[in-house]
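Computation of the quantities below employed the complete heavy-atom set of this structure, encompassing side-chain atoms and omitting hydrogens, waters and symmetry-equivalent molecules. Naming: A, B, ... by sequence-line order, numbering from 1 per chain.
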Protein chains: 2
Amino acid sequence: MSGFGPGDPFLADCPARLAVELIADKWTVVVLYGLSKGPVRHGELIGLIGGISRKMLTQTLRRLEAHGLVSRHAYAEVPPRVEYELTPLGATLIDPIHMLTEWARANGDAVLAALDADPEPVAPGG
Amino acid sequence: MSGFGPGDPFLADCPARLAVELIADKWTVVVLYGLSKGPVRHGELIGLIGGISRKMLTQTLRRLEAHGLVSRHAYAEVPPRVEYELTPLGATLIDPIHMLTEWARANGDAVLAALDADPEPVAPGG
DNA sequence: ACCTGCTGGTTCCTGTCGGAAACCTAGCCT
DNA sequence: AGGCTAGGTTTCCGACAGGAACCAGCAGGT
């Protein structure tokens, strides 16, 4: 009940920890999920995801691209068209993300209820 | 291939999106994982998790507590002892998180390799 | 009696990041 | 010629994360 192995996501020098930090981002999970059903255009994602700015979407997509999870296809048309698609590596993340979203769907109300019952301020140093 | 239902984690007003944003935090997943094997003390988590500050740990735990995922037990001893434990609701998150960490363990090297092959700068608006 | 230390938590200060909106490119349509 | 479209970048600013110091409360050493 007390041992964590060397592959556990602790002690920042293990690869698992890096990958956890990869997806532990405000928008990454949602963007990845948005790409889970096939190639999507930049503007489509903007409309699909509520509240993300173009800057953050571009930044998130670039990071995912650099990490090999997303591929970018720019067509030399006018007006410009750019499609983003999951790579095979990125597609392997869909299952975990689906579990997450399924959990969210199943337990979102319980979380909301707990928040409602416990409306204490959160930030200590703010 | 193009339809997202009303329960999908988009359009910020759905509960799934809120829950996704709950765990889409730099430390939340790691802290939750650290609690997955039973009650843990504050100081233990500090040592276990590399790089987290006391402030962020406290803040993360408070937020998880407010959301009903973690319970806090303070013992009136000297020196003080405080243990954190997953609630039943919080325990339901362990499975998705384990899938995430398993993915990380399996694909961390591939991500690192992609980063190495694609060392372009990421931040567009610095 | 005084000082130190253990442990959890909080406050101050600062650097960085996220978000909104404006600007840019480049070709078609009016 | 000027506006529209669509992706992307830049600027500016507020909020937040992080580090380190400080606080509380009592036990134990000297």
Self-check item: Residue pairs passing the salt bridge (Lys or Arg N to Asp or Glu O under 4.0 Å) test where at least one lies in residues 83-100 of chain A, sequence neighbours excluded
Solution: A:Arg81-A:Glu83

Practice problem: Check the pair A:Ile23 / A:Ile97 against side-chain contact (heavy atoms from CB on, under 4.5 Å), numbers first and verdict last. | Solution: CA-CA 10 Å; A:Ile23 67 118; A:Ile97 286 183; 5.8 Å; no

Exercise. Quick one: pull up CG in B:Leu112 and CG in B:Asn107 and give me the separation to the nearest 0.5 Å.
Key: 11.5 Å

Quiz prompt | Protein-nucleotide distance (B:Asp25, atom CG; C:dG18, atom C1'), rounded to Å | solution = 14 Å

Using the 3.5 Å cut-off, write out each protein N or O paired with an N or O of nucleotides 13-16 of chain D and the distance between them.
none

Practice problem: Could you tell me the separation between the CG atom of B:Leu115 and the CZ atom of A:Arg63, rounded to the nearest 0.5 Å? | Solution: 10.0 Å

Quiz item: Out of curiosity, does B:Ile46 fall in the hydrophobic cluster containing B:Tyr33 (side-chain heavy atoms, cut-off under 4.5 Å, transitive links)?
Solution: yes

Quiz item: A:Ile46 CD1 to C:dA21 C1': how many Å, rounded?
Solution: 13 Å

Self-check item: Estimated bend of the helix from C:dA1-D:dT30 to C:dT30-D:dA1 (axis per five terminal pairs, rounded to 10 degrees)
Solution: 30°

Quiz item: Taking only side-chain nitrogens and oxygens of A:Trp27, does any of them come within less than 4.0 Å of OP1 or OP2 of C:dG19?
Solution: yes

Quiz prompt | Any B:Lys55 side-chain nitrogen or oxygen under 4.0 Å from OP1 or OP2 of D:dA20 | solution = no

Quiz item: Using links of under 4.5 Å between side-chain heavy atoms of ILVMFWY residues, direct or through other members, which residues join B:Met99 in one cluster?
Solution: A:Met99

Exercise. Would you give the length of the straight line joining atom CG of A:Leu93 to atom CG of A:Leu32, rounded to the nearest 0.5 angstrom?
Key: 5.5 Å

Exercise. Grab the CG-P distance between A:Leu61 and C:dG18 for me, whole Å please.
Key: 14 Å

Exercise. Take nucleotides 1-8 of chain C nucleotide by nucleotide from the 5' end and write B, S or -, depending on whether a protein heavy atom sits under 4.0 Å from the base, only from the sugar-phosphate, or from neither.
Key: -----BBS

Quiz item: In Å and rounded to the nearest 0.5 Å, what is the OG to CG distance from A:Ser71 to A:Leu64?
Solution: 11.0 Å

Self-check item: Residues that B:Thr87 engages under side chain to side chain donor-acceptor pair (under 3.5 Å), provided they are two or more places apart
Solution: none

Quiz item: Taking atom OG1 of A:Thr58 and atom CD of A:Glu65, what is their separation to the nearest 0.5 Å?
Solution: 11.0 Å

Exercise. Calculate the interatomic distance between A:Ile52 atom CD1 and D:dG7 atom P; express it in whole Å.
Key: 14 Å

Exercise. Output the distance between atom OH (A:Tyr84) and atom CZ (A:Arg62), rounded to the nearest 0.5 Å.
Key: 4.5 Å

Self-check item: Rounded interatomic separation in angstrom, taking CD from A:Glu65 and C1' from D:dG7
Solution: 14 Å

